Amino acid sequence: MYLPQPAASVSAPLLTCVAGGRPSLRVAATLLAAAMLLLPSAASTADCAPFEISGDRIEQPLAGKVGQAGAGARVAADRQRGDCVICHRLPLPEGRFHGNLGPDLRAVGLRLSPAQLRLRVAANRHLNPESIMPDYCRSDGRHQVAEDYRDHPILSAQDIEDLVAWLSGLDAAEAAP
Amino acid sequence: MRRALLLLWLLLALPGHAEPRAGQISGYHLLGEELQALQDDDFANPGMLWVDRGQRAWDAAAGASGTSCRDCHGGPERMQGLATQLPRWNSDQERLENLEGLIRNCRSARQQAEPPAYESDEMLALTTVIAHQSRGLPLAVAVDGPAADAFAAGRDAFARRRGQLDLSCADCHDRHAGARLRGETISAGMINGFPLYRLTWEGMGSRQRMIRWCNEAVRAEPLQPDTAKALALELFLAWRSRGLELESPAIRR
């Protein structure tokens, strides 16, 4: 089960750091913050990165990040981040107690491309609104979110790129017996 | 013949009818033999400790009135059946009332005492001893008449996705009941065992504690236990569990 724990990183201190120096910079940062508040659409700020869907794919890596397969395996196993084994069978030591709500992913690299995997992790409900799998890159339109997680997508762009790098390399040969 | 069958089907489908439907599976059946035996043995069931504590709390005088529950109600066995009907509509207060709410009202209005806090030992002792009097009786809440609006709100709350993980109660406990979440089987969300002893908590908890736990698990702001929304959800869950035998104090993982 997911156990609640406060989100570790909050992006709010960023502007304060920028504004810490010269007064002119502080004024610029304040103006920037005001401009961001006035933006009519919150969609781009609510996502882990802007992305464009074509068919069943997101072609471009999120925020231009380069994924690392080893880091992706850690995201998949981490209960506070991906926690993929809660629903999927995966070649991980934690996979011994995997769930079966979602498909077996031990050979997912043979059937889905990185671009297809990216959409399925980032915004799966675009493909199937009824799916139990949430959109890991999105945070808009959510209801009753606990304060610590409000306006934060479940995973960062880097986490998702790491997952895509790992998942796209999975083939049944690696699967644990 | 066909018409008679249709009529029978309609009767069975009426809300509030006390026969369990397909898909209504008490969490008891997910326990495994060992834990089922623990629940069934009143001398081993840890929840029975709260029944004993509840007996004592029932008899203890409290507040400015100097009265106990027994002074007005007689023995706790007089509460037989009550827990199967809760939450129910309180027409004076124009809101739903669950077992905790009834006790808190009685405490402050009649005994003139500080009402026990939600999930306190005293509250769990009293709710457990009262619910225990209905063990074996089918859950049968009223969801029509003045409770109809609250029932509809509870049905909506059950279906509404929430939290950072954007999951509804129905996503797991309706559409995926019986599937495995990591090593654990997802329950059908039946609430016929409360108050119950949960191994995860190493202690007793109410229906509202379980609702709160689930909300936190999907990273949602937990519902406060005495709000209209929380009580409406409890009413809907009790209706989903209608016809199942009350098991308090049940054991659950």
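When reading the values below, keep in mind they use all heavy atoms of this one structure, side chains included, and skip hydrogens, waters and symmetry mates. Keep in mind it's a predicted model, so treat the numbers as computed, not measured. All chains are named by letter (A, B, ...) in the order of the sequence lines, taking the proteins before the strands, and each is independently numbered beginning at 1.
- Scanning residues 61-69 of chain A against chain B with a 4.5 Å non-hydrogen threshold yields no residues.
- Panel note: side chain B:Ser241, backbone B:Ile191; a donor-acceptor pair is recorded below 3.5 Å.
- Here the rule is side chain to side chain donor-acceptor pair (under 3.5 Å) with A:Gln144, and of B:Arg161, B:Lys229, B:Arg160, B:Glu221 only B:Lys229 fits it.
- For A:Arg150, the part lying under 4.5 angstrom from a heavy atom of chain B is the side chain only.
- A donor-acceptor distance shorter than 3.5 angstrom exists from the side chain of B:Arg95 to the backbone of B:Asp226, with no hydrogens or angles considered.
- Judged by distance alone, the side chain of B:Asn192 and the main-chain N or O of B:Glu245 form a donor-acceptor pair under 3.5 Å.
- Donor-acceptor pairing under 3.5 Å is lacking for the side chains of A:Glu52 and A:Gln60.
- For B:Gln164, the parts lying near chain A are the backbone and the side chain together; criterion is any non-hydrogen pair under 4.5 Å.
- Counting only distance, with no hydrogens or angles, the side chain of B:Arg242 and the backbone of B:Pro138 share no donor-acceptor pair below 3.5 Å.
- Using modelled atom types and a 3.5 Å distance limit, the side chains of B:Asn215 and B:Arg162 yield a donor-acceptor pair.
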